[in-house]
**Q** 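Take this structure, written in structure tokens, and hold onto it; I'll ask about it next.
The model shown is predicted, which means the values in this text are computed figures rather than measured ones. Atoms considered below: every heavy atom in the structure, side chains included; atoms not considered: hydrogens, waters and symmetry mates.
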Amino acid sequence: QVQLVESGGGSVQAGGSLRLSCAASGFTYENNYMGWFRQAPGKEREGVAAIRPDPYNTYYTDSVKGRFAISQDRTKNTLYLQMNSLKPEDTAIYYCAAVGRFYTYYGPLSRKTYNYWGQGTQVTVSS
């Protein structure tokens, strides 16, 4: 059974940093896309960052380029999102996501690509 468990959310002032973690279990993600999504109140869930292990590549939505960095530690089966220079508009619930062995590709930042989701972790950025 695939499980994705996020941690690391919290409250921070604008300009601050947070690092989110996503512990994955129940599948081998050697070649699986994994990503971070977020959903603010009243808005749709949007793709923030994604990673493809092999061949290696990372993807970011424009609003976080240069501020966020996605990475993974295969030895720990953990996905990370380092968030720097946080802004109030980054406030949202952040979700970890992963594709399964079989999936339909709609793009690395499309929620329709992903089969598995974590429960989410709240990030609040105050001005």
Side-chain angles (χ1 to χ4, degrees):
Q1 182 178 355
V2 175
Q3 279 195 320
L4 302 173
V5 180
E6 303 97 334
S7 62
S11 297
V12 65
Q13 288 191 326
S17 298
L18 284 173
R19 188 175 82 156
L20 305 183
S21 299
C22 172
S25 61
F27 72 104
T28 301
Y29 73 121
E30 291 285 335
N31 295 313
N32 291 8
Y33 281 91
M34 294 191 73
W36 288 99
F37 288 72
R38 66 186 179 187
Q39 188 166 17
K43 295 188 177 181
E44 291 190 355
R45 192 172 300 189
E46 65 167 343
V48 175
I51 191 167
R52 181 184 64 190
D54 185 20
Y56 181 83
N57 206 347
T58 57
Y59 311 86
Y60 298 94
T61 193
D62 287 346
S63 63
V64 308
K65 286 180 180 177
R67 300 189 298 123
F68 290 11
I70 189 171
S71 62
Q72 61 184 180
D73 184 336
R74 294 190 186 188
T75 64
K76 298 180 179 179
N77 276 5
T78 302
L79 182 72
Y80 301 100
L81 184 68
Q82 178 66 43
M83 305 186 295
N84 299 325
S85 302
L86 283 161
K87 303 176 181 180
E89 51 262 46
D90 294 318
T91 295
I93 299 174
Y94 282 71
Y95 298 90
C96 173
V99 301
R101 183 176 180 182
F102 302 104
Y103 63 98
T104 301
Y105 182 72
Y106 291 92
L109 297 179
S110 171
R111 57 184 297 184
K112 295 191 292 184
T113 296
Y114 294 84
N115 307 105
Y116 303 107
W117 296 85
Q119 82 289 349
T121 185
Q122 177 71 47
V123 171
T124 303
V125 185
S126 59
S127 58

**Q** If you apply the rule side-chain contact (heavy atoms from CB on, under 4.5 Å), what do you find for W36 with F68, and how did you get there?
**A** CA-CA 11 Å; W36 288 99; F68 290 11; over 6 Å; no

**Q** Pairs under 3.5 angstrom only: tabulate donor-acceptor contacts from the side chains of residues 7-18 to other protein residues two or more places apart or in another chain.
**A**
from: S17; atom 1: OG; to: N84; atom 2: OD1; distance (Å): 2.9

**Q** What pair of heavy atoms forms the shortest contact from I70 to Y60, and how long is it?
**A** N-OH, 2.9 Å

**Q** Check the hydrophobic clustering (I, L, V, M, F, W, Y; side-chain heavy atoms under 4.5 Å; chains of links allowed) and say if I51 and Y80 are grouped together.
**A** no

**Q** Does V99 reach the side chain of Y105, with side-chain heavy atoms less than 4.5 Å apart?
**A** no

**Q** Just distance, no hydrogens or angles: give the donor-acceptor pairs under 3.5 Å from side chains in residues 85-98, sequence neighbours left out.
**A**
from: D90; atom 1: OD1; to: R38; atom 2: NH1; distance (Å): 2.9
from: D90; atom 1: OD1; to: R67; atom 2: NH2; distance (Å): 3.0
from: D90; atom 1: OD2; to: R67; atom 2: NH1; distance (Å): 2.8
from: D90; atom 1: OD2; to: R67; atom 2: NH2; distance (Å): 3.4
from: D90; atom 1: OD2; to: K87; atom 2: N; distance (Å): 2.8
from: T91; atom 1: OG1; to: P88; atom 2: O; distance (Å): 2.9
from: T91; atom 1: OG1; to: V125; atom 2: N; distance (Å): 2.9
from: T91; atom 1: OG1; to: V125; atom 2: O; distance (Å): 3.4
from: Y94; atom 1: OH; to: R38; atom 2: NH1; distance (Å): 2.9
from: Y94; atom 1: OH; to: D90; atom 2: O; distance (Å): 2.6

**Q** What pair of heavy atoms forms the shortest contact from A50 to Y114, and how long is it?
**A** CB-OH, 3.5 Å

**Q** Between L20 and E6, is there a side-chain heavy-atom distance shorter than 4.5 Å?
**A** no

**Q** Rounded to the nearest 0.5 Å, what separates atom CG in L79 from atom OG in S71?
**A** 7.0 Å

**Q** Start with the C-alpha gap between Y59 and R52, add the side-chain angles, then the distance that decides, and say whether side-chain contact (heavy atoms from CB on, under 4.5 Å) holds.
**A** CA-CA 9 Å; Y59 311 86; R52 181 184 64 190; 3.6 Å; yes

**Q** How close do Y106 and T113 get, heavy atom to heavy atom, and via which atoms?
**A** N-OG1, 2.9 Å

**Q** Before we go on, tell me: are the rings of W117 and F37 under 6.0 Å apart, centre to centre?
**A** yes

**Q** Assess the residue pair N115 and V2 against the criterion (side-chain contact (heavy atoms from CB on, under 4.5 Å)); give the C-alpha distance rounded to whole Å, side-chain angles, the decisive distance to 0.1 Å, and a yes or no.
**A** CA-CA 10 Å; N115 307 105; V2 175; over 6 Å; no

**Q** Measure across S21 and T78 and return the closest heavy-atom pair with its distance rounded to 0.1 Å.
**A** CB-CG2, 4.2 Å

**Q** To the nearest 0.5 angstrom, please state how far the CZ atom of R19 sits from the CE atom of M83.
**A** 11.5 Å

**Q** Can you find a pair of side-chain heavy atoms, one from M34 and one from L4, that are under 4.5 Å apart?
**A** yes

